[in-house]
Structures are given as structure tokens and as C-alpha cells.
2 protein chains.
Amino acid sequence: MKSILLNMRSLYNEMGPGERKIADRLIANPKAILPLSITEFATEIGCGDATVVRFAKRLGVGGYQGLKLAVAQEISTLSDENAQISKSDSCYDMFVKRIGEIKVALENTASVLDENSLEAAAKAIMHSKRIVIFGLGNSASIAVDAQHKFLRVGLNASACNDNHMQAIISSHLDEDCVAIGITHSGQSTDIVQALKIAKLNSATTICITNYGESPITKVSDICLFTKSAETKHSILAMSSRIAQLTIFDCLYTYIIANSDSKAIQAIHNTESALKDKKL
Amino acid sequence: MKSILLNMRSLYNEMGPGERKIADRLIANPKAILPLSITEFATEIGCGDATVVRFAKRLGVGGYQGLKLAVAQEISTLSDENAQISKSDSCYDMFVKRIGEIKVALENTASVLDENSLEAAAKAIMHSKRIVIFGLGNSASIAVDAQHKFLRVGLNASACNDNHMQAIISSHLDEDCVAIGITHSGQSTDIVQALKIAKLNSATTICITNYGESPITKVSDICLFTKSAETKHSILAMSSRIAQLTIFDCLYTYIIANSDSKAIQAIHNTESALKDKKL
DNA sequence: GAGAAAAACGAAAAATTTTTTCATTTTTTA
DNA sequence: TAAAAAATGAAAAAATTTTTCGTTTTTCTC
């Protein structure tokens, strides 16, 4: 089944201003529509009932009720019990609550992640001569993880967590290379700079960032969006990082699935190379 | 929010024959109701519209539309659980299926993770003079991530991904230190060796590993277990690694919540130190 | 086992909600 | 700048849901 929220994004360009307001609202707060009648919802948005119906038809869900049902199916029932982690929680309580946050973030990410962009990113990575992955601070470990994965499938990947080196590396890329920048906020100066340089040198640039316009999206050929609701204690944006990891994981899985036997062999070689490291 | 299907079962005894027929049908095939109007559904069941409405009210979902919405929300969570990733999947399909795996792994981990061990680990880490975190290969990035977190709360943490250095570092620990070893299989020779040395030097040893007895559990004072079902393509044990990350995340969160104002200040300092790195 | 009370039920009326129609406004194009 | 096209909302029309109320079925009491 296709995600209704994703569908909304891909049809966004065809919509008029009124329908876009509806799409914006639904993407921002999908579950708010559920208890409302079409007239209530239209009033809330500031448009007529007919526009809502047209919007629903465009998405191919029949009508207003179909829209509500589609949205309902997309929202996890867990998203409501968004229990806030509190000081008095036991460590285990925190674990359980964090699980809830992660689930929500992953599902939200599934709804904003663009199918075509994902496919394009996977193909660009597979066929590139060289892949460089930039992350700093929080995102550094994600970059390292991605490097690790790509190396396992025999790709020429390297992560770089040093802002000087990032700029240097970027300036030596060419059109057969891929540069991947990871920044949750989309505003990390150094990462944006590194991708900008990479783009100037005709490399394919890919960003992994939280949903929305930001400096990084402007210098990226392909944007892969995560979506996580930040809360007070998630300064580290844990759930968005999990979403980032999962994106890399599915790129990796896709590359394995679409590789020739040589690549599969490379994976097996890796496995056997590691065998004697175990007791 | 409570499960509507479970609620149906618990109210089953209070229902008359007509309503029970509705419950039976919904439990057997919940999604069949979604495209039907109340009259169509009632005809299908063989009862009147009013009975359907009464049934919905009993469940506390307002009316027929509320019933449909509640069912819709419930089937979404059940739908994509046991899907195996296949070669022909799109990259997006893979993402969605991977999400399902991760959810299961996190829930399983919640069930095997020992509350007391978690608490003990958090306390040991908080009060230690020095924390060293060992990971190799796959687990290296987890170790780096953990280091990053602990540094943010002002702890003296260092990750080490070099097996020689791990042994050297371990041999210089003492009873005020904590050594954390990460290995999914629990069999990584070097990690086990490093923890063994740490233990000999009276450091507190903590392992993060998949559920079950293994060499690493024998040399660990505290064992934190994850539990993930491995499948063919998850050579990289993606979901178990997410579980590992989540464990570290809740340790981190717990430490923040139970720190004095000095530690909180350390976090704020980190934040402001990073501010000018953004555009 | 009969009769009364209670509960369950459905047909149809009433109320609500959704959808369509169509005239108006806004935007685009030539 | 004017004509064409697109977008939109108010209101009418259609569809759907909910309530009412009388009938049927079940349960309980004697």
C-alpha cells in the first residue's frame, strides 16, 4: 500500500494554493483530521468543503471519508501515548518510552521519504567510482556506519569527520563520484560547504536531513528526508538518527539485492575474513 | 489508546446475538468494513443499521465512522509485520519492511532487558572515574556513538576500536573504571579478551550482546541483552544494533535525569559550543 | 408452562454529513 | 490588457448516519 502522506508530497506541485494548505496541515498534524467533519475541517483550514473533496479525489481515496481512513491507517495507534520521559522514570521506563518515539519517527520518515529519491540515491551510489560520506558530531557515527556498510558490498566508500578534510576531499571529486552529507538540522556549515564544493565539481550530492527546506537541500541533487518530532531531552535527536541509519541500511540492502554475483561474493568474502575473529 | 479488537472481546459477553455477529466478523476480517457504508455493512452481516450503531457506541467510538476509523488505525500496525525483504522490492518497500523488523527487535529487547542490570549499569557509569567502550567492525560505530553521548554529559569516556589498544587500555584500568564491550554474537575474541583483562584489574565490566549465554557474559559483571531475530540479509544485524543504540540512549537519558545541576550545565555548554557551527 | 418484564432488534423518519453543481474569483497566457 | 484557464466556495442535491419507536425475542418469576 502506498503512503498517503508521501502521495501528497508527490502531487503537491499539481495542487492549487487551497489544496496545498490542506496538504501542509495534514503533513504537519495528520491525526487532527480524524474527529472532524468535512465542514469543520474545511473551516479549520480556511477553505470550502468542495476543495477538500477535490483534494481527496486527487489523492485517489474516493472522498472525504476515504481520506480520513487513509490517514487513520497511516497513523500508528502508538503515536498518541507519546509518553514524555520524566526525571523519575526508571532506566527501563525510559527505554520503553524511547522505543515509542523511535517507532513514530520511523513511521513518519516512511511517510516523507520519497520513493524515487531513494531509488535514485541507491543507483547513484551503486554506480559511482567513489563515495564520500560527511558527518560531524552526532552524525559522525552515522557516516562511519554507512562507510562500513558500503565497504562490505565492495564499494569504494569513505567517511570523513574532519571539516578540513571534508573540504579537501570534496574539491577532488568529479562527476563519477557521490558525496553524501548527513545533518539533522540541515544547517551544519561545514557539511553544507563540503557538499557545495562537491557539486561545483559535478559530483552527485545527496543529503540526509530532517524534513523541510534548509541550506543543505539547496546544494543537494537528491534529498532523503527523515521526520522526527524533537522533544526536550532528545537533544541528540536519537530517533532521527535511527531513521538515518535505517535509510542507509535499506540503501545497502537494495544494493545487495541489485548487484551481480560479484558483489554478493564480496559480502561472503567479508564474512569469511571475519570468521577467525570469533571464539 | 486501547485496542478496539481487544475491547470487542472483553465486551463480547455483554452483547446480544446481533452485535456478536458483528464482532465475529470484525475479528475475522477487520479491514473488510472499511469500504462499506453502514447499510452495506449491516446487510452483509444480516442485521439492521441501528444494531451496528449500538455496537459502535458500546465500544466507545462514537458511531459508525468512529468504528471504521478505529479499525483502520488498528490494522495499520498489524499489516506489515512479517514481510520478508525480497530481491524485487523497491528501495522504499525495503525501508518499510525493515521498520517492521526494528519494531519487533525493540519490543523483544524490552522483554529480555533486565531492569536492575540497566539501573546498575547506569549507576556504575555515572560514578566511574573513567569509561572505556570497546567495539569492533559493526559495533565500532556503536562504541563511538556511546562515547559521544557520555562525553556530552561530562563523563570521561573513550571508545576504542583497535584491538591492540583495547588490550593496552584494559590493563591500565582500576576498580573505579568501567569497561563496556559490545558484540552482537558475544564471541568476538578481542572484545572478550579486553573485558577479561579489565575484570582482572577490578574494573566493572559491562557487556551489550544478544540474549543468551556466550563467552562475553562470563567476563561481564553486568549483562545488557538485546534480542533480534536474524534473517538472511541482516548479516549486519541492523535491528540488533538499533537495540544497542537505544540501550545507550536510555543510559544517557537516565544519567542526565539523575545528575546534579553541574552535569546539566555541561550539556548546555556543549550545545552553545556547537551553536556557531550552524548556518 | 404462562405471563410479565426486560432486552434486542430493525424499519423508517430525522438529522447530519458529503458530494455535486455552478457562478465567481483568481491566475495564467497570448 | 484582455481572453482563456484554473481554482475556489456557497448552496443545492445526494448520500449516509443516527434516532425514534413499535415489534419481536428472550429472560425471569410464579
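Below, chain A is the first sequence line, B the second, and so on; all start at residue 1.
- Note: CE (A:Met15) to P (D:dA7) measures 11 Å, nearest angstrom.
- For the residue pair A:Arg241 and A:Thr226, no side-chain donor N or O sits within less than 3.5 Å of a side-chain acceptor on the partner.
- A heavy atom lying under 4.0 Å from DNA chain C marks none of the residues of residues 57-69 of chain B.
- The pair B:Arg25-B:Glu44 meets the salt-bridge criterion, since a charged nitrogen lies less than 4.0 angstrom from a carboxylate oxygen.
- Listed nucleotides C:dG10, C:dT19, D:dT18 differ in distance to B:Cys47; the shortest reach to its side chain belongs to C:dG10.
- With no hydrogens or angles considered, no side-chain donor-acceptor pair links A:Asp221 and A:Thr204 at under 3.5 Å.
- Donor-acceptor pairing under 3.5 Å is recorded for the side chains of A:Tyr12 and A:Asp24.
- Checked for salt-bridge contact, B:Lys57 and B:Glu19 miss the test: no charged N lies under 4.0 Å from a carboxylate O.
- As a whole-Å value, the separation of A:Ile45 CD1 from D:dG9 P is 11 Å.
- Nucleotide D:dT17 holds its C1' atom 15 Å from the CG atom of B:Leu36, rounded to whole Å.
- For A:Ala50, counting side-chain heavy atoms from C-beta on, the closest listed nucleotide (C:dT21, C:dT19, D:dT20) is C:dT21.
- Using a 4.0 Å cut-off between charged nitrogen and carboxylate oxygen, A:Lys149 and A:Asp145 count as a salt-bridge pair.
- Picking from C:dT19, D:dT17, C:dC9 the nucleotide with the shortest atom distance to the side chain of B:Thr39 gives D:dT17.
- The distance from atom CG of B:Asp49 to atom P of C:dA12 is 11 Å, rounded to the nearest whole Å.
- The CD1 atom of B:Ile33 sits 14 Å away from the C1' atom of D:dT16 (whole-angstrom rounding).
- As rounded to whole Å, 12 Å separates atom P of C:dA11 from atom CZ of B:Arg54.
- Phosphate contact (OP1/OP2 of C:dC9, side-chain N/O of B:Thr51, threshold under 4.0 Å): absent.
- Per the geometry, NZ belonging to B:Lys21 stands 14 Å off C1' belonging to D:dT25, to the nearest Å.
- Among the nucleotides C:dT17, C:dC9, D:dT19, the one closest to any side-chain atom of A:Ser37 is C:dT17.
- The interatomic distance linking B:Phe55 (CZ) with D:dT18 (P) rounds to 14 Å, in whole Å.
- Judged by distance alone, the side chains of B:Ser90 and A:Glu119 never bring a donor and an acceptor atom under 3.5 Å apart.
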